[in-house]
Amino acid sequence: MEIDIEQDLFENEAKLAELNRSWFAAHRVAAVNLLAAPGAGKTSLIRRTAALCPLPLAVIEGDPASRIDTDLLNGLGIPAHQINTEGGCHLEAQMIGQALQEFQPAAGTVLFIENVGNLICTASFPLGEALRVVMLGVSEGDDKPFKYPLIFEEADAVILNKIDLGPFVDFDRERFYRGIRTIDPEVPVFEVSCRTGAGLAEWSRWLERKAGEYLDAATV
């Protein structure tokens, strides 16, 4: 019985995600589901990307509580909408659908969905996104691909942040890449520092290209 309930849950989530996917395509909005642990630098990445990417950006911000990051982004001129999960550990498709009733990014926008900080639950709930990006910082350790393989399996890109801290935290690049390549031999990995700006231009160019391909193919 428990297995049936779980199957029903994920089938329903897939249907709701498909509704969001149709909305995004019809409105020409390239949604990017950004997954990471707390403190990996998701909001910093969005903030730095907004200064580099020529496409307009907007954000749906997911947090258990508060609107700290949403207020920060809005203050920088980046349109942002808050979802508080009231303790929930991930965003769900229905939450995104409800948010889109109030917060409708303009056509041609790259919409970051900054998911709740979590490397487990977020991987199992599709939101209808065009791109799924997994981010982690070197201070979290080089073993994350081995411990949390599911979140990397469907990633369109991996961002390794805080590379300027690498020498101080004994991050083993070879071990990290061995873990990543075991899961996906071809997924692009961008080594960046949101503090110094290193590597962000290359990431931004990739995002512009991939979002542009999606927007060109989306329904007008």
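It should be emphasised that the depicted structure is a prediction, and the values quoted were computed from it without experimental measurement. These numbers come from the heavy atoms of this one structure, side chains and all, not from hydrogens, waters or symmetry mates.
- Note on Leu111 and Ile83: same hydrophobic cluster, where clusters join Ile, Leu, Val, Met, Phe, Trp and Tyr whose side-chain heavy atoms are under 4.5 Å apart, directly or indirectly.
- Annotation: side chain of Val192 is not in contact with side chain of Leu160 (no heavy-atom distance under 4.5 Å).
- For the ring-ring contact (aromatic ring centres under 6.0 Å, His included) condition, no pair includes a residue of residues 145-170, sequence neighbours left out.
- The stretch residues 119-130 participates, sequence neighbours left out, in these side chain to side chain donor-acceptor pair (under 3.5 Å) pairs: Asn33-Glu129, Glu129-Arg132.
- Taking the side chain as every heavy atom from C-beta outward, Leu57 and Thr109 never approach each other to under 4.5 Å.
- Within the 3.5 Å criterion, the main-chain N or O of Glu140 finds a donor-acceptor partner in the side chain of Lys144.
- Pro145 and Gly179 get closest at one heavy-atom pair: CB-C, 3.6 Å.
- Going from atom CZ of Arg21 over to atom CD1 of Ile96 covers 12.5 Å, rounded to the nearest 0.5 Å.
- Residues Val59 and Pro79 have side chains not in contact (no heavy-atom distance under 4.5 Å, counting atoms from C-beta outward).
- Ion pairing of Arg195 with Asp164 is present here, as a side-chain N (NZ or NE/NH1/NH2) and a carboxylate O approach within less than 4.0 Å.
- Contact of the Val110 side chain with the Val32 side chain is registered, since non-hydrogen atoms from C-beta on lie closer than 4.5 Å.
- Note that OG of Ser193 is 7.5 Å distant from CG of Leu200, once rounded to the nearest 0.5 Å.
- The hydrophobic cluster containing Leu35 also contains Ile120, counting ILVMFWY residues as joined when their side-chain heavy atoms lie under 4.5 angstrom apart, directly or transitively.
- Side chains of Phe112 and Leu207 form a contact here, defined as non-hydrogen atoms less than 4.5 Å apart.
- Distance check: Cys53 SG to Glu208 CD gives 5.5 Å after rounding to the nearest 0.5 Å.
- Using a 4.0 Å cut-off between a side-chain N of Lys or Arg and a carboxylate O of Asp or Glu, Glu202 and Arg205 do not qualify as a salt bridge.
- When every heavy atom of Val189 is checked against every heavy atom of Arg181, the shortest pair comes out as CG2-NH2, 3.9 Å.
- Using a 4.5 Å heavy-atom threshold, the side chains of Thr49 and Trp203 count as touching.
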Return all side-chain donor-acceptor pairs below 3.5 angstrom for residues 38-46, not counting sequence neighbours, or 'none' if the list is empty.
residue : atom : partner : partner atom : Å
Thr43   : OG1  : Asp69   : OD2          : 3.1
Thr43   : OG1  : Glu114  : OE1          : 3.1
Thr43   : OG1  : Glu114  : OE2          : 2.8

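- Every residue two or more places apart in sequence or in another chain that forms a side-chain hydrogen bond (donor to acceptor under 3.5 Å, both in side chains) with Asp143 is listed here: Lys147.
- Relative orientation of the Phe125 and His90 rings is parallel, given thresholds of 30° and 60° on the angle between their planes.
- Here the closest heavy-atom approach between residue Val134 and residue Ala155 is recorded as CG2-CB, 3.8 Å.
- Side-chain contact between Glu86 and Pro64: absent, with no pair of heavy atoms (C-beta onward) separated by less than 4.5 Å.
- A donor-acceptor contact shorter than 3.5 Å is absent between the side chain of Asn115 and the backbone of Leu34.
- If you chain together hydrophobic residues whose side chains sit under 4.5 Å apart, Ile151 and Val133 never meet in one group.
- Other residues, nucleotides and ligands contribute over 12 non-hydrogen atoms within 6.0 Å of the CG atom of Leu76.
- Residue Leu19 shares its hydrophobic cluster (ILVMFWY side chains chained together at separations under 4.5 Å) with Leu16.
- Applying the salt bridge (Lys or Arg N to Asp or Glu O under 4.0 Å) rule to pairs touching residues 165-175 yields Asp142-Arg175, Arg173-Glu191, sequence neighbours excluded.
- Under the 4.5 Å side-chain heavy-atom criterion for Ile, Leu, Val, Met, Phe, Trp and Tyr, Phe171 and Ile159 are members of distinct hydrophobic clusters.
- Side-chain contact check for Asp63 versus Thr85: every heavy-atom pair is 4.5 Å or farther apart.
- To the nearest 0.5 Å, the span separating CG on Leu72 from CZ on Arg47 amounts to 6.5 Å.
- Going from atom CG of Leu127 over to atom CD1 of Ile60 covers 9.0 Å, rounded to the nearest 0.5 Å.
- From Leu136, atom CG reaches atom CG of Leu119 across 7.5 Å, with rounding to the nearest 0.5 Å.
- Grouping the Ile, Leu, Val, Met, Phe, Trp and Tyr side chains by contacts below 4.5 angstrom, directly or via other members, places Ile183 apart from Leu131.
- Between His81 and Phe103, the ring-plane angle classifies as parallel under the 30° and 60° cut-offs.
- Side chain of Thr70 to backbone of Arg67: no donor-acceptor contact under 3.5 angstrom is found.
- Arg209 and Glu213 are joined by a salt bridge, as a carboxylate oxygen and a charged side-chain nitrogen come within less than 4.0 angstrom of each other.
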